[in-house]
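The figures here come from the full heavy-atom set of this structure, side chains too, leaving out hydrogens, waters and symmetry mates. These numbers were taken from a predicted model, which means no experiment stands behind them.
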Amino acid sequence: MRKITFRLLFRIVLILFIVYAAYNLITLQEKLNEKQAEYQTLQEQITEQKLENQRLEENSREELDDEEIASIAREKLGYSLPGERVFIDITGK
């Protein structure tokens, strides 16, 4: 009787352990899949950023002529030439 009770208890504990291990394995596999997808997304972002950095670096090496410099000064910095009148459209159109 004692052997039967011990064997039955051992089998129950063993089955519970296997179920617990299987549950943990499935949960960890799902987390791993999520992290791999996140990693892939980050790798794509890194690639895009490297391409953007390369493009910006190439653009920074190009020399600007006086007309381009004046255009940038007017549009982005709000500068104007001496004696030049600047009209601002306040209608928002």
K.L.:
Determine which pairs satisfy salt bridge (charged side-chain N to carboxylate O under 4.0 Å, His left out) with at least one residue from residues 69-79, sequence neighbours left out, and list them in order.
P.N.:
Arg74-Glu84
K.L.:
The test is salt bridge (Lys or Arg N to Asp or Glu O under 4.0 Å); show your working for Arg55 and Glu58 and say whether it passes.
P.N.:
CA-CA 5 Å; Arg55 185 188 65 77; Glu58 288 171 2; over 6 Å; no
K.L.:
By the salt bridge (charged side-chain N to carboxylate O under 4.0 Å, His left out) test, which pairs, at least two apart or in different chains, include something from residues 6-35?
P.N.:
Lys35-Glu38
K.L.:
Establish, from distance only, whether the side-chain atoms of Asn33 and Gln29 form a donor-acceptor pair under 3.5 Å.
P.N.:
yes
K.L.:
As an exercise, state the distance from CG of Asp66 to OG of Ser71, rounded to the nearest 0.5 Å.
P.N.:
12.5 Å
K.L.:
Side chains of residues 39-47: which donor-acceptor partners sit under 3.5 Å, not counting sequence neighbours?
P.N.:
unit_1	atom_1	unit_2	atom_2	d
Tyr39	OH	Gln43	NE2	2.6
Thr41	OG1	Ala37	O	3.0
Thr47	OG1	Gln43	O	3.0

K.L.:
Just distance, no hydrogens or angles: give the donor-acceptor pairs under 3.5 Å from side chains in residues 16-25, sequence neighbours left out.
P.N.:
unit_1	atom_1	unit_2	atom_2	d
Tyr20	OH	Asn24	ND2	3.2

K.L.:
Per the side chain to side chain contact (heavy atoms under 4.5 Å, CB included) rule, which among Glu48, Gln54, Gln49 passes with Glu52?
P.N.:
Gln49
K.L.:
For atom CG of Asn53, decide whether the heavy atoms of other residues, nucleotides or ligands shown that lie under 6.0 angstrom number more than 12.
P.N.:
yes
K.L.:
Under the 4.5 Å side-chain heavy-atom rule for ILVMFWY, direct or indirect, which residues accompany Leu32?
P.N.:
none
K.L.:
Taking the hydrophobic residues Ile, Leu, Val, Met, Phe, Trp and Tyr, and joining any pair whose side-chain heavy atoms are under 4.5 Å apart, which ones share a cluster with Tyr79?
P.N.:
Leu77
